[in-house]
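Reading through the structure tokens given below for one structure.
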Number of protein chains: 2
Amino acid sequence: MDAITLDAELTAVLHDRGQRVTPQRLILHRLLRAGPQHLTAEELLAHSRPQLPNVSLPTVYATLDLFEELGVIRRVAGTGPAQVYDSRAERHHHLRCVRCGAVSDLDADIDVRAAARAAEGRGFAPERVEVTVTGLCRACAAAGAASAV
Amino acid sequence: MDAITLDAELTAVLHDRGQRVTPQRLILHRLLRAGPQHLTAEELLAHSRPQLPNVSLPTVYATLDLFEELGVIRRVAGTGPAQVYDSRAERHHHLRCVRCGAVSDLDADIDVRAAARAAEGRGFAPERVEVTVTGLCRACAAAGAASAV
DNA sequence: CTGGATGCAAACTCTTTGCATGCAT
DNA sequence: ATGCATGCAAAGAGTTTGCATCCAG
């Protein structure tokens with residue numbers, strides 16, 4: 001299956017699966033394509049309010065689960081309380097600020113084969129290898145240097 | 001500061017910080033050293049029951065926070081509901097099963113400098129680089145092959 | 001029509017907070 | 001004696017579930 005990046009593609013995939021094409025799904029999908037790459041369910045709900053005044057949080061969660069199953073989005077592994085979803089499903093890596101919790105993409109050519117091989121050697125069937133760099137983002141590093149007097 | 005792996009070292013560090021050496025802290029520290037490497041607060045509570053019948057969950061959380069601050073343990077980035085703590089603080093990587101959620105260590109020599117350099121290039125001050133391999137653990141791969149008929 | 005999807009409300013889990021008591025120093 | 005740490009209870013945040021209604025097919 002190819003990437004799902006248009007309304008028509010989402011529609012086709014849903015039909016194939018015998019699932020329905022609802023305004024909520026189409027609009028949330030559009031918002032995920034157009035909006036911030038990393039967001040929580042609550043944030044997506046807030047973004048959708050103008051176009052879907054009555055959308056509910058359970059629907060947002062259900063839709064995010066569905067989109068994750070379709071490979072449209074991914075959950076970002078993290079240590080905070082709220083799940084962060086990533087509207088880019090393709091393989092890439094992340095920076096996470098330990099102070100403000102912000103997540104941003106790290107597009108770097110990291111050789112990850114050693115990790116996959118090591119995992120296979122332990123009987124593990126790797127699907128994905130993700131590299132996460134934790135530290136201080138530019139803003140927090142600056143603020144930290146000032147406040148750490 | 002060196003690694004804290006003995007009661008005496010924990011005692012010394014706590015004294016240095018003007019904090020108290022309580023039975024709860026000592027026993028939880030011992031359990032973390034001796035028990036499973038990856039566990040949740042609830043699991044640690046359960047493990048501590050025999051030795052600390054009255055210990056409470058808030059105390060476990062407070063102690064885990066403290067130990068994380070001391071660099072004794074680490075939180076494992078994940079997508080599940082419950083925080084998983086790792087009693088090994090030294091740098092290593094993780095395998096996470098997408099089916100059963102199990103976390104295990106991956107000790108592999110992965111060259112992570114490219115990621116750190118890329119992060120620095122974006123104004124990020126990297127503290128740690130972690131590689132997480134997601135996929136199916138041996139048990140779930142076997143079960144999946146059977147049930148995915 | 002029919003059944004999957006939605007919205008609402010409530011339940012549930014995990015984690016944090018407030019406060020009185022207790023204990024390490 | 002001092003005040004940090006604990007235990008209990010309750011609150012809070014995030015997520016899931018149950019169920020009646022609605023709407024896409």
Problem set entry | Proximity to the side chain of A/T59 - top-ranked nucleotide from D/dG7, C/dT6, D/dT15 |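 That would be C/dT6.
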For this session: Name the closest nucleotide to the A/T63 side chain, picking from C/dT25, C/dT6, C/dT16.
Result: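 When the side chain of A/T63 is considered, C/dT6 is the closest of C/dT25, C/dT6, C/dT16.
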Rounded off to whole Å, could you give me the [atom1]-to-[atom2] distance for the [X] and [N] pair?
X     : N      : atom1 : atom2 : result
B/L44 : C/dC14 : CG    : P     : 15 Å
B/E69 : D/dA5  : CD    : P     : 11 Å
A/L52 : C/dG7  : CG    : P     : 7 Å
B/R25 : D/dT6  : CZ    : P     : 5 Å
B/L57 : D/dG7  : CG    : C1'   : 11 Å
A/L39 : D/dG14 : CG    : C1'   : 15 Å
A/R17 : D/dG25 : CZ    : P     : 15 Å
B/L66 : D/dC4  : CG    : C1'   : 12 Å

Exercise. Any donor-acceptor pair under 3.5 Å between the side chain of A/R20 and the base of C/dG4?
Worked result: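 Such a pair is found, so the answer is yes.
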For this session: Report the relative orientation of the aromatic rings in A/H38 and A/H92; use parallel for angles under 30°, tilted for 30 to 60°, perpendicular for over 60°.
Result: tilted
Problem set entry | Any donor-acceptor pair under 3.5 Å from B/R99 side chain to B/L136 backbone | no
Under 4.0 Å between a side-chain N or O of [X] and OP1 or OP2 of [N]?
X     : N     : answer
A/Q19 : C/dA5 : yes
A/S56 : C/dT6 : no
B/Q24 : D/dG7 : yes

Exercise. 5'-most contact on DNA chain C: B/T22 or B/A82, nearest heavy atom basis?
Worked result: B/A82
For this session: Tell me which of B/T11 and B/T40 sits closer to the 5' end of DNA chain C, going by the nucleotide each one is nearest to.
Result: B/T40
Exercise. Can you tell me if CZ on B/R49 sees more than 12 non-hydrogen neighbours from other groups inside 6.0 Å?
Worked result: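 Counting neighbours around CZ of B/R49, more than 12 heavy atoms of other residues, nucleotides or ligands fall under 6.0 Å, so yes.
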For this session: Begin from the C-alpha positions of A/R25 and A/D7 and carry the test salt bridge (Lys or Arg N to Asp or Glu O under 4.0 Å) through to its verdict.
Result: CA-CA 10 Å; A/R25 288 175 176 172; A/D7 285 7; over 6 Å; no
For this session: May I ask you to say whether B/R113 pairs ionically with B/D111, meaning some side-chain N is under 4.0 Å from a carboxylate O?
Result: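 Salt bridge present between B/R113 and B/D111.
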Seminar exercise, completed: When A/D65 and A/P23 are each assigned the nearest nucleotide of DNA chain D, the 5'-most assignment goes to A/D65
